[in-house]
Protein chains: 2
Amino acid sequence: MKKKATILDVARKANVSSATVSRVVNAQGGVKPETEARIIKAIEELSYVRNAIARSMVRKETKTIGVIVPDITNPFFSQVISGVEEAAIQAGFFPIVTSTREDLLLEQQILTHYLERGIDGLIITTAQENGTHLNEFMKSSIPVVAVDRPLKQYDVDTVLSGNREGAFEAVSHLIEEGFKDIAIIRGPQNTTPGLERYKGYVKALEANGIPVQPDFVCDGDFMQGSGYEQVKNLYSQKRKPDAVFSSNNFMSLGAIRAMRELDWKIGRDIGFAGFDDIEVATFMEPALTVVSRRMKHLGAIAFQYLENRMEKKGESAKREYILSPSLVIRDSSKRLR
Amino acid sequence: MKKKATILDVARKANVSSATVSRVVNAQGGVKPETEARIIKAIEELSYVRNAIARSMVRKETKTIGVIVPDITNPFFSQVISGVEEAAIQAGFFPIVTSTREDLLLEQQILTHYLERGIDGLIITTAQENGTHLNEFMKSSIPVVAVDRPLKQYDVDTVLSGNREGAFEAVSHLIEEGFKDIAIIRGPQNTTPGLERYKGYVKALEANGIPVQPDFVCDGDFMQGSGYEQVKNLYSQKRKPDAVFSSNNFMSLGAIRAMRELDWKIGRDIGFAGFDDIEVATFMEPALTVVSRRMKHLGAIAFQYLENRMEKKGESAKREYILSPSLVIRDSSKRLR
DNA sequence: CTTTAAAATGTAAACGTTTAGATTAAGCGC
DNA sequence: GCGCTTAATCTAAACGTTTACATTTTAAAG
C-alpha cells in the first residue's frame, strides 16, 4: 500500500493551499463552492483521511475520554460503559475504556498511559478509593468524574447510587416480611459501596429495634468466592440466620451456590435479597429480590457531568449526583411458610 | 494548572539538548551517567511526561490497537475483550475497545475514527460479515484479525471456534440421550456462527438417520427475544419437539424464559442444550448443558495473531485458528423420565 | 473605471517529539 | 602533547495539521 495522502497532496492536486483544504475538511465555510468541489474531488481520488494525531497536536485536544472500570466482565460495569459510550459518541467524543481487574498497579499504568496519550476527560471507578496513585494524574487538571466509588480527596464530580438507601429498603422489606435474624455479607469496608450498604443494613435493623448481631455480619470482597464461603460459614454456626442480604451481585451468586449445596432452601429455610440486579436473578427459582440500579443511565449521567466540566475548564463546582435505586421484589424474600 | 512541561523545558533545565533528553526518556543508552541523573532530576522537578501524540506523529505508530465487538454487554465478548486486553497490555500495546451494538453504521463510524486516529492493528467481530463497509478501512493496510465472524473477502487472519463441531457434539449428545424430535433455534444464516452451528445440527441428525423437520428449524437473531418467541412458536405446533438446541447464550435465556411461562418443564417434558456457556446456566434448575468456549483464550490468540502481523508488516500469510469448544453436560439434557 | 469593502485564499509559524548526521569531548597509546 | 578512536552531545529537519495574519480576488458602489 502506498503511503497515506496528506493534506498537502490534496492541496497540490486541487491547486489550492493547505489552509483552504483544511477549511473544507473542517466544514468551516468561507470557500467558494467550485473550489470546494475541486477539493472534495481530490480528497476522494487520493482517498485522503485527516490525521487526527497531527490535528490533536496543534489543537491540544483529543476528543477522546478515558473510562476506567475495575471489571469489564461484571454486568454492572459493562452496562455503565454502554451508557457512557452511547452518550459520548453522540457528543463527538470517543471513549477509551480499560479494565483494571481491581489491580492498583495496572490502574496506575493506565493512568500514565492516558496522561501520555492525552485524553480530554476521565470517567473512573477506581480500584482503591483512598490510594495516592491518582495524585500524578490529578496534577494534570484533566476533568474527572468518579462513578460508584467517590474520590473524596480530589476536586472531582461524582456519580453515585443510593447505596445506603437501597440497602435500607431491601433489609426493611425483609423485616416487614417477617424475617428477624438477618445476616449481611458485606463488601470491603474501605470502599464506599461496601461501607454504605452496610450502614443501610444497620439502619434498617435499628429502625426496627433489632440489634445487630456480630455473628451475622460477614465480610466479603465483592467476588463470588466470598459470598460462597460466608454462607457456608453462616450455616455452620449454632444459631443460623433466617435471611441473608448480600452486598453485590457476584457475592449473591456465590451465596446462592452455597445454599444450593447445603440444601438450605430459599423460600423454605431462608430468605434472600441482594444488591444489584443481574440477569441470573430472574432465572433462579425462586427469583431473587434485588436492589436494582439503572446502570446505563448512570453511565449517561457520568458523561454528561464530564462534558460539562470539559466545556468550562476552569471552574470547579464539585457536583454530586445520586441515583436512587429501586427495590425489585421477587420471590426470594417471601415470608417462609 | 500551569501548562505541561515539554522536552525542551527539561533540556533547558538540565542544560542539555532535547536529543539527549529523548535518549534518556526512551532508555536508549549512550548518555553519561551524571548527565542522565541531571536529566532525571529535571524531569521529576517539572513532572514532565512525554507527549505520546507528538511521538506517534514522528514515529508513525501509535502502540494502540482497535477492538470492535458487537455487544460489550454479552459475556462472551466481554471475556474475549478481557483476553485481548491482558495480552495486549503485556506486549506494550493499548487496546481501544468499542461496541457497535450490531449497528453497521456505527461500525463504519468507529472504523473511520480509527483510521483518523491511527491504530497499529485491529481486532474485529463485525456486525455484518459481507458488508462493503470495511472496504475503506482495508485500503489502509493496517493489520486486521477477525474473531468469531470471518471476513472472507479480505486478506486477514481469523480466529474462530469450532462452531459446526460444537453444535454437532451437542446435538449428538441429545440424540444419544434418547431425544428424537430435536428443534433448533438458529442464528442469522448470513453469519458464520449462525450458519455453521446449523450445519452441525443437520449433520448430527443425518449421522443418526433422523430427517430434518422443517417445522423444527426456527430462526432467531441471537437476541433473547427471538429465543423466547420461537419456543412459544414451537409449543403451539401440533407436533412438539422433545428437545431444543439453541444457537447462542442469549437465545437460550429467552427460550428458558418461555418454557417457564409455558410450564414446559425441562427434564420432564423437554430436553435442552445451547451454544455458549453463561453464568446463568449453572444456576438454573436443571443446570444447562452447553457448548463452552475458552473465551479469554480466544482473545489472547487473536492478539497473538495480530501482533505477529504487525511485526512483519508486508507478508500476508492469512492464517486461521480454530479453537475447539467442549461440551459441558449438565442436567438439562438428561433423558426424560 | 475607480474605490472600497467583503470574500476567498495563501503564508508561515506553531504543536512536541524523534533521529540522522554533524560536532565536540574524552580516552588512549605513543 | 599529538593523533586517533570512540563516546557523548548537539543541530536541525522532519511528522501533518491548524490558524492568525497577510494577501489577493471579487463584487458592489459611486
Side-chain angles (χ1 to χ4, degrees), chain A residues 2-40 42-43 46-64 112-120 140, chain B residues 2-40 42-43 46-64 112-120 140:
Chain A
K2 39 272 175 174
K3 52 180 33 146
K4 289 206 250 321
T6 87
I7 203 176
L8 268 177
D9 298 324
V10 176
R12 265 192 292 274
K13 184 146 198 159
N15 236 301
V16 296
S17 80
S18 63
T20 312
V21 177
S22 177
R23 273 188 281 263
V24 352
V25 169
N26 293 46
Q28 286 175 301
V31 18
K32 212 179 342 184
E34 58 184 33
T35 325
E36 172 155 0
R38 211 160 8 114
I39 292 176
I40 290 184
I43 287 180
L46 297 170
S47 53
Y48 162 79
V49 20
R50 93 140 118 41
N51 182 328
I53 303 232
R55 183 170 211 252
S56 295
M57 179 117 156
V58 16
R59 281 274 197 105
K60 285 161 169 334
E61 64 173 20
T62 58
K63 282 296 179 184
T64 266
T112 306
H113 182 92
Y114 282 168
L115 228 36
E116 291 189 352
R117 178 131 269 278
I119 54 179
D120 293 352
S140 72
Chain B
K2 40 274 176 173
K3 50 179 37 143
K4 288 208 251 322
T6 86
I7 203 175
L8 268 177
D9 298 324
V10 175
R12 266 191 292 274
K13 183 147 199 158
N15 235 302
V16 296
S17 79
S18 63
T20 313
V21 177
S22 178
R23 274 189 283 265
V24 352
V25 169
N26 293 55
Q28 289 176 301
V31 20
K32 218 186 328 189
E34 58 184 31
T35 325
E36 172 154 1
R38 215 163 2 117
I39 292 176
I40 290 185
I43 288 180
L46 297 169
S47 54
Y48 161 79
V49 18
R50 94 138 117 42
N51 181 328
I53 304 231
R55 183 170 212 252
S56 294
M57 178 115 155
V58 16
R59 280 277 197 103
K60 286 158 167 335
E61 64 172 21
T62 58
K63 281 295 179 186
T64 265
T112 307
H113 182 92
Y114 281 169
L115 229 36
E116 291 188 352
R117 175 133 272 279
I119 54 178
D120 294 351
S140 72

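Please read all numbers here as calculations on a predicted model, not as lab measurements. In the text below, chain A, chain B and the rest are named by the order of the sequence lines, each starting its count at 1.
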J.: Starting at atom CD of Q28(A), determine the distance to atom P of dA20(D), rounded to an integer number of angstrom.
T.: 10 Å
J.: I want to check something: taking the side chain as every heavy atom from C-beta on, are R55(B) and N26(B) in contact at a cut-off of under 4.5 Å?
T.: yes
J.: Tell me, do T64(A) and R117(B) make a side-chain contact under 4.5 Å, heavy atoms counted?
T.: yes
J.: Hey, which sits more toward the 5' end of DNA chain D by its nearest nucleotide, K32(A) or S22(A)?
T.: S22(A)
J.: Could you tell me how far apart E34(B) (CD) and dA25(C) (P) are, to the nearest whole angstrom?
T.: 15 Å
J.: Specify the separation, in whole Å, of atom CD1 of I7(A) and atom C1' of dT11(C).
T.: 14 Å
J.: Find out whether K4(A) and D9(A) are in side-chain contact, i.e. whether some heavy atom of one side chain is under 4.5 Å from a heavy atom of the other.
T.: no
J.: Indicate whether OP1 or OP2 belonging to dG16(C) is found under 4.0 Å from a side-chain N or O atom of K4(B).
T.: no
J.: Taking only the side-chain heavy atoms of N51(B) (C-beta and beyond), determine which of dT17(D), dC10(D), dT17(C) contains the nearest atom.
T.: dT17(C)
J.: With a 4.0 Å cut-off on heavy atoms, is R23(B) in touch with a base, just the backbone sugar-phosphate, or nothing at all?
T.: base
J.: Hey, is the side chain of N26(A) poking within less than 4.0 Å of OP1 or OP2 on dT18(D), counting only N and O atoms?
T.: yes
J.: Looking at R55(A), does any N or O in its side chain come under 4.0 Å of the phosphate oxygens OP1/OP2 on dT18(D)?
T.: yes
J.: Output the rounded distance in Å from CZ (R12(B)) to C1' (dC10(D)).
T.: 15 Å
J.: Indicate, with a heavy-atom threshold strictly under 4.0 Å, whether T35(A) touches base, sugar-phosphate, or nothing.
T.: sugar-phosphate
J.: Find the distance E36(B):CD to dA8(D):C1' and express it as a whole number of Å.
T.: 13 Å
J.: Report yes or no: does R23(A) contribute a side-chain atom to a donor-acceptor pair with the main-chain N or O of Q28(A) at less than 3.5 Å?
T.: no
J.: Considering just the side-chain nitrogens and oxygens of R59(A), establish if one lies under 4.0 Å of OP1 or OP2 belonging to dT19(D).
T.: yes
J.: Starting at atom CD1 of I53(B), determine the distance to atom P of dA14(C), rounded to an integer number of angstrom.
T.: 20 Å
J.: dT18(D) C1' sits how many Å from K63(A) NZ, rounded?
T.: 15 Å
J.: Under 4.0 Å between a side-chain N or O of S17(A) and OP1 or OP2 of dG10(C)?
T.: yes
J.: What's the CE-P distance between M57(A) and dC15(C), to the nearest Å?
T.: 9 Å
J.: Would you check if V24(B) and T35(B) make a side-chain contact, meaning some heavy-atom pair closer than 4.5 Å?
T.: no
J.: So, is T20(A) near the phosphate of dT9(C), with a side-chain N or O under 4.0 Å from OP1 or OP2?
T.: no
J.: Just checking N15(A): base, sugar-phosphate only, or nothing, at a heavy-atom cut-off of under 4.0 Å?
T.: sugar-phosphate
